[in-house]
Amino acid sequence: MFDRAIKACLLTGLALGSLGAMQAQAAGRPDIVVAVADNPPTLEPAKEMSNVGTRITYSVFDTLIRRDFLSGEGGGGAKLVPSLATSWERIDDTTLELKLREGVTFHNGAAFNADDVVFTFSPERLIGEASPLPQGRAYFGVLDRVEKLDDYTVRFVTKAPDPLLEQRLASWASWIVDKDDWLEKAAGKGFAQFPVGTGPYMLDEYRADQYIRLDAFDQYWDGRPTAATVTFRKVPEPAARIAGLVSGEFDIITNVAPDQIAQIDGYDDIETRSVVLANSHVLVYNTDHPVLADKRIRQAMNLAIDRNLLVEALWNGDAVVPNGHQYPEYGDMYQADRPGFGYDPEKARQLLAEAGYNGETIVYSTEPQYYLNALPAAQAILEMWKAVGINAELNVTEDLDSLPNDELMVRNWSNSTRYPDPVGGLWNTWGPYGSAQKTWESWTPETFNQIGAQLETTLDHDKRFELAVDLMDTWEDDAPGTILYQPLETYGVRKSLKWQPYTFYYMDLRPSNLKDEAEGS
C-alpha cells in the first residue's frame, strides 16, 4: 500500500512533506491539532524569535546543546545535555570545542556536518554588521568566529571571555540550518523564509492566516516522532479555541484565560496544564518623547501601578510579580533579597509635581489579543495612572509594530529570559541589540550599556553578581519601562495526550515529551 502511495506522490507531484505524512499515518500515529491565537510570518528560527514563532520552530530545528527543561520541577530545568553536539570542552577562556553528532540528516536528506555549524553562526547569516538577522548579534555579539577542525569538530572563539557560551548554544538564535538550502532560498531575498532543520518535524504546508502543518520526520536522530502531523491552526477568538477543544476538533489550545480553567477542567476527557513563565509582561516608555523625557515622570508611572491588584483581578492570583527583572532559575546569580517593585501613589504624585508635569496626554498603545489579558491590563493601568493625576489615553491597534518610533509613547511587550542568567534576561532584551534600543529607538542608555558589556565578559562570579545588581539598579532608576508580572500560561489539552509545557513558549513535541495513550504511541 505504501509503495502505491509513493507512486501516487511521484505522479501527482505532491510535496515530500506530504509523502512523509502518508508514511507516518500508515504507522498509525495521530494527527495533532494545536489551536493558537496567531502564527509567525516566517520559520527562520533566528528571525522569528517571538512567542508565536518559537512554539513552532523549537520542534523543527535542533541546537548543538540542549537545555533539559524536564530536569527541573514544572518544566523549568536548566541542565545542559547533548543534542547535535555529543560533547564540548573549554580549551581556554575564549575557546570552546565541540564534537558533532554523526549520522544526522536534515529534512531534505542532506547530511549535517561542521560546514552547517560554521555557516549558521557566520557573519553572512548571523553575526555580521550586514547580517539579515540582526537579532543574532544580541545573542552572539561576543562571538568572533567558528572554526571547522574536521567534518565533526568545531571551535567557537569569542572576542572576550564568555561565561555563558554553552547556555547561548542551547538557546534562541542557535538553531542549526542547512547551509546550501539556506543560501539557495535566501538568494535575492535577504534570508531564507523557510529553511530546513534536523528536528522531529518538518514543514509540510504554510498558510500563515490559517494554519502551519508539520509532518513527522522519521529519520530524526533522537527517536520516532509521536504524531504523524502537527497543525498549528490560527484561531484568534479564545471562545472558539475552547469550543474546538471540547468538541475534539483540537488536541491542544493555547492562551487559556484564568477564568476559563474551571470550565475546561470540568470535562472528563480534557484538562488544563499551567506554568508560570520565565517571561514577564512589560511596558516600554519612549524616553525621547518630550512628555516622557524626564525620568521622574516615568518613575511616577511605575509607582502608580498596583501589580498585586492586577494579578488578583486578571490572573486569579496565579501570576507572579518578580522582585526585579530576574527569575529564580538564575541560581547563584539570583538576587533573592532584592526589594520588589514599589506601589506608592503619594510618591508618584510628588515626582510628577517635581517634574513639572502639567497633564500632557500620555498614550498607551496595545494590540487587543497578542498577549493574554493585554487589554484589561491596559484599561486598569490607565485608571491607576489617572488616580495620581496622569492624563492617559488608550490606543488599541491591530499592528503595534506599525507605530512610527517618534509617535510611540507607551507600548506593551514581553521579555523572556533566553538563558538562566541576567545576561540572558535584562541585558539581552534591553541591551544595544534589543528592541528598545535597536528597533524602537526608545532608549539610549550609556551607563547601562557599559555595565552590561562588562557583565557579559566577566568570569568572576562575585564581580558578575555586583555588575548584575548595578545593571538592574540602573534600569529601574532610569525607568525606560517596567515589569508588570510573570503571566500564567495555561494550555487546554486532551487528557490522553501526555505532554508537559515548559516555562518558555517552546512547545516541545519531541518523543521524550509527547506521548498519546489513546493511540498507544
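This chain uses plain numbering: 1 for the first residue, then up along the sequence.
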Exactly one of Thr458, Thr457, Asp421 clears side chain to side chain donor-acceptor pair (under 3.5 Å) with Arg464, and that residue is Asp421
Test: salt bridge (charged side-chain N to carboxylate O under 4.0 Å, His left out). Region: residues 133-146. Which pairs qualify, not counting sequence neighbours?
Arg145-Glu147
No-hydrogen, no-angle side-chain donor-acceptor test under 3.5 Å, Arg307 and Thr482
yes
Looking only at side-chain N and O atoms, does Glu489 offer a donor or acceptor that is under 3.5 Å from a partner on Asn279?
no
Between CD of Gln135 and OG of Ser50, what distance do you get to the nearest 0.5 Å?
9.0 Å
Before accepting this row, confirm whether a basic side-chain N of the pair Arg67/Glu329 lies closer than 4.0 Å to the acidic partner's carboxylate O.
yes
Salt bridge (charged side-chain N to carboxylate O under 4.0 Å, His left out) partners for Arg168, two or more places apart:
Asp162, Glu456
Relative to each other, are the rings of Phe156 and Phe121 parallel, tilted or perpendicular (30° and 60° limits)?
perpendicular
We want to know whether Asp478 and Trp443 form a side-chain donor-acceptor pair, criterion being a heavy-atom distance below 3.5 angstrom.
yes
Relative to the ring of His461, is the ring of Phe465 parallel (under 30°), tilted (30 to 60°) or perpendicular (over 60°)?
tilted
Assess, by modelled atom type and distance only, whether the side chains of Thr417 and Tyr330 contain a donor and an acceptor separated by less than 3.5 Å.
yes
Is it the case that Arg510 places NZ or CZ above or below the six-membered ring of Tyr58, under 6.0 angstrom from the centre and within 45 degrees of the axis?
yes
Testing the 3.5 Å rule here: is there a donor-acceptor pair between the side chains of Tyr327 and Ser280?
yes
From CA spacing to verdict: side chain to side chain contact (heavy atoms under 4.5 Å, CB included), Glu166, Leu96
CA-CA 8 Å; Glu166 293 90 340; Leu96 179 70; 3.7 Å; yes
Exceeds 12 heavy-atom contacts within 6.0 angstrom, atom NZ of Lys438:
no
To the nearest 0.5 angstrom, please state how far the CG atom of Leu400 sits from the CG atom of Asn395.
8.0 Å
Just by distance, with hydrogens left out, do Glu354 and Gln350 show a side-chain donor and acceptor under 3.5 Å apart?
yes
Over 60° means perpendicular and under 30° means parallel, so classify the ring planes of Tyr506 and Trp175, tilted if in between.
perpendicular
Does any donor atom in the side chain of Gln326 or Asn323 lie under 3.5 Å from an acceptor atom in the other side chain?
yes
Is it the case that atom CZ in Phe194 sees more than 12 heavy atoms from other parts of the structure closer than 6.0 Å?
yes
Quick one about Tyr371 and Asn412 (side-chain donor to acceptor, distance below 3.5 Å, no hydrogens or angles considered), yes or no?
no
Verdict with supporting geometry, Phe448 and Trp427, ring pair (Phe, Tyr, Trp, His ring centres under 6.0 Å)
CA-CA 9 Å; Phe448 180 89; Trp427 174 242; 5.8 Å; yes
